[in-house]
Protein chains: 2
Amino acid sequence: MSLSEDNPADAKGPMVEPIQVPKASDILAGKLRDLILSGRIAPGESLPAERELVSDSGLSRSSVREALRVLEVEGLIATRPGRSGGSTVRLPGRSSVARSMRLFVRSHGIRLEALLECRVAVEPYLAGLAAQNRTEQDLAEMRDIHQRFEQSQGDVGAYKRLNLDWHLAVARASRNEVLVALMEAIAQPIFDAADYQEVTTAEIRRDAIRAHAAILHSIEAQDFKQAYSRMEKHLSAYATVARRLLVDRQAQSGAAAK
Amino acid sequence: MSLSEDNPADAKGPMVEPIQVPKASDILAGKLRDLILSGRIAPGESLPAERELVSDSGLSRSSVREALRVLEVEGLIATRPGRSGGSTVRLPGRSSVARSMRLFVRSHGIRLEALLECRVAVEPYLAGLAAQNRTEQDLAEMRDIHQRFEQSQGDVGAYKRLNLDWHLAVARASRNEVLVALMEAIAQPIFDAADYQEVTTAEIRRDAIRAHAAILHSIEAQDFKQAYSRMEKHLSAYATVARRLLVDRQAQSGAAAK
DNA sequence: TGACTGATTTGGTCTGATCATATAACATTT
DNA sequence: AAATGTTATATGATCAGACCAAATCAGTCA
């Protein structure tokens, strides 16, 4: 009855791989996930009710609920209580990507420097794509945000938010959903990290407004290369300022530590 | 007893915002998440046992378990059964970002075109950073992978895997964890999507090997701009081939549909 | 010493009930 | 008839307590 009798030609390695018993809830979650991703349950449609899944699967209520909770965290379903509630299928959306990126950044204590580098790598190309693919509606949105951006004198909160909004609007105009998701994912942590009280002297703000205007013109003119290089210049300038601020702050805390 | 009596100066909008009752498990999950992200429970350490969390929180076991399951999906804890098992804290890791990106790409049916654009936007800069920041160890790894890449004649599976590995090794050498995470997130779907049986004529493979070698030299020489432009050229060439293949396939399926 | 054996701890699952909520169906009043 | 209030019902959320399964530990026996 020895296992080795069954495999006389064993050259190396164990005859049977280590067996891992998957959890019941994970199996169910996997099956439901496949149903959703394969499109057999379309977004907007509802999954069977919990008690129905129980009788269908033969599992207990707790296992079914844990499976549903997994899918909920993954952004694949949304669950509401009450009659005619239940779990409805939805698409994960960019915010899920942003959320996991935020967890990644926070838990690893990623340097602001790394986030800025990421932005310099991505956003010029993004601006180029925006110039290429923008629609009139995209332009209207960017112009609107830019106008309010210009008028945000004094209100640092509004300045910060409109700055972020404008960059995201440019990203959306690129018509590349992956890059938009990436921008949303990294933009939030950057704007959280930067201390805006210090980065908004009147001079810096004027420069930012001018730079945005220039980039906007390139996008209007559908000039890929110009939009690219102007965005690159804008970000480099910002990164320089942010870096100097970081150094200053370190110097301060170093001095304070003494 | 009317609510409107309390607010005679109501200009617009409802007097009270819609109240949302958070779920017990979500509250617990939030508190535990804060404990982890604030560093008060360090990676490697264990959360209290489920039954202990039950008595501490006053919630039921199911609610506690659902909270733990949320954190598990987020990649913040890993749970093992058995004595001295339990939930140990861990850092989310790049794979969580990649997983949510994969869900995003699959569920939205993102075009391969968009993924390739993303790569063109990111990877040249990544190669430049690699040239700037690579250590000797990074170089050794890249050389090793490249050597096996050169010798992967005939074995399409190995070619595909080593190609992916090399690009990821370059990304790691950049020492920018956000960009590495991004590369891992988009590389997998790209390599899944591309049909490698068709993209690996002997000629194409020879070109890829030559391009990798050239980029590797630039990285060895710590030449940012050269690494950047060579990677850009390599990716453009690849994107062109991939695009042509896509068109061919569409033409085929179009013809087949008739 | 070393291999077995049982106790112990911990997560995984099940059962069944009750609570909370949102909708639907119905009844009542104006 | 329309507006309003009331009850029934479907559904998720929560609870309680038990048992199962896995991994480790402690002791026993050869």
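Naming convention: chains lettered A, B, ... in sequence-line order (proteins, then strands); numbering from 1 in each chain.
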Earliest and latest nucleotide of DNA chain C, 5' to 3', sitting under 4.0 Å from a non-hydrogen atom of chain A?
dG12(C) to dA24(C)

Give the rounded distance in Å between these two atoms: CD of Glu50(B) and C1' of dG17(D).
15 Å

Going by the angle between their ring planes, with limits at 30° and 60°, are His146(B) and His212(B) parallel, tilted or perpendicular?
tilted

Using a 4.0 Å heavy-atom cut-off, does Leu59(A) contact any base of the nucleic acid, only the sugar-phosphate backbone, or nothing at all?
sugar-phosphate

Distance-minimising heavy-atom pair for Val178(A) and Leu115(B):
CG2-CD2, 3.9 Å

Which whole-number value in Å describes the distance from Glu72(A) CD to dG12(D) P?
12 Å

What one should report as the nearest heavy-atom pair of Leu68(B) and Ile77(B) is O-CD1, 3.4 Å

If every non-hydrogen atom of Met183(A) is compared with every non-hydrogen atom of Leu126(A), which pair is closest and at what distance?
CG-CD2, 3.1 Å

I need the minimum non-hydrogen distance between Ala171(B) and Val180(B), along with the two atoms involved.
O-CG2, 3.3 Å

Less than 3.5 Å apart, which donor and acceptor atoms pair up between the side chains of residues 40-47 of chain A and the rest of the protein, not counting sequence neighbours?
{"residue": "Arg40(A)", "atom": "NE", "partner": "Ser38(A)", "partner atom": "OG", "Å": "3.3"}
{"residue": "Glu45(A)", "atom": "OE2", "partner": "Ala42(A)", "partner atom": "N", "Å": "3.1"}

Quick one: closest heavy-atom pair of Ser100(B) and Ser100(A), and the distance?
OG-OG, 2.9 Å

Residue met sooner reading DNA chain C from 5', once Gly58(A) and Ser84(A) are mapped to nucleotides:
Gly58(A)

Apply the salt bridge (charged side-chain N to carboxylate O under 4.0 Å, His left out) test between Asp138(B) and each candidate in Arg175(B), Arg143(B), Arg172(B); give the one that qualifies.
Arg175(B)

Heavy-atom nearest nucleotide on DNA chain D taken for Gly85(B) and for Glu66(B); more 5' hit belongs to Glu66(B)

Could you check whether Arg80(B) gets within reach of a base, just the sugar-phosphate, or nothing at all, counting any heavy atom under 4.0 Å?
sugar-phosphate

Rounded to whole angstroms, how far apart are CZ on Arg69(A) and P on dG12(D)?
13 Å

Determine, for nucleotides 4-9 of chain D in 5'-to-3' order, which nucleotides have protein heavy atoms under 4.0 Å from the base (write B), from only the sugar-phosphate (write S), or from neither (write -).
----BB

To the nearest Å, how far apart are Leu71(A) CG and dG12(D) P?
14 Å

Closest nucleotide of DNA chain C for Ser60(A) versus for Arg51(B): which of these residues is on the 5' side?
Arg51(B)

Short side-chain N/O contact to dA16(D) OP1/OP2 from Arg61(B), under 4.0 Å:
no

For Leu112(B) versus Ile190(B), what's the shortest heavy-atom pair and its separation?
CD1-CA, 4.3 Å

Nearest whole angstrom, please: distance from the P of dC15(D) to the NZ of Lys23(B).
13 Å

Along DNA chain D (nearest heavy atom to each residue), the more 5'-positioned of Val21(A) and Leu47(A):
Leu47(A)

Can you tell me if Ser62(B) touches the phosphate of dA16(D), counting only side-chain N or O atoms and a distance under 4.0 Å to OP1 or OP2?
no

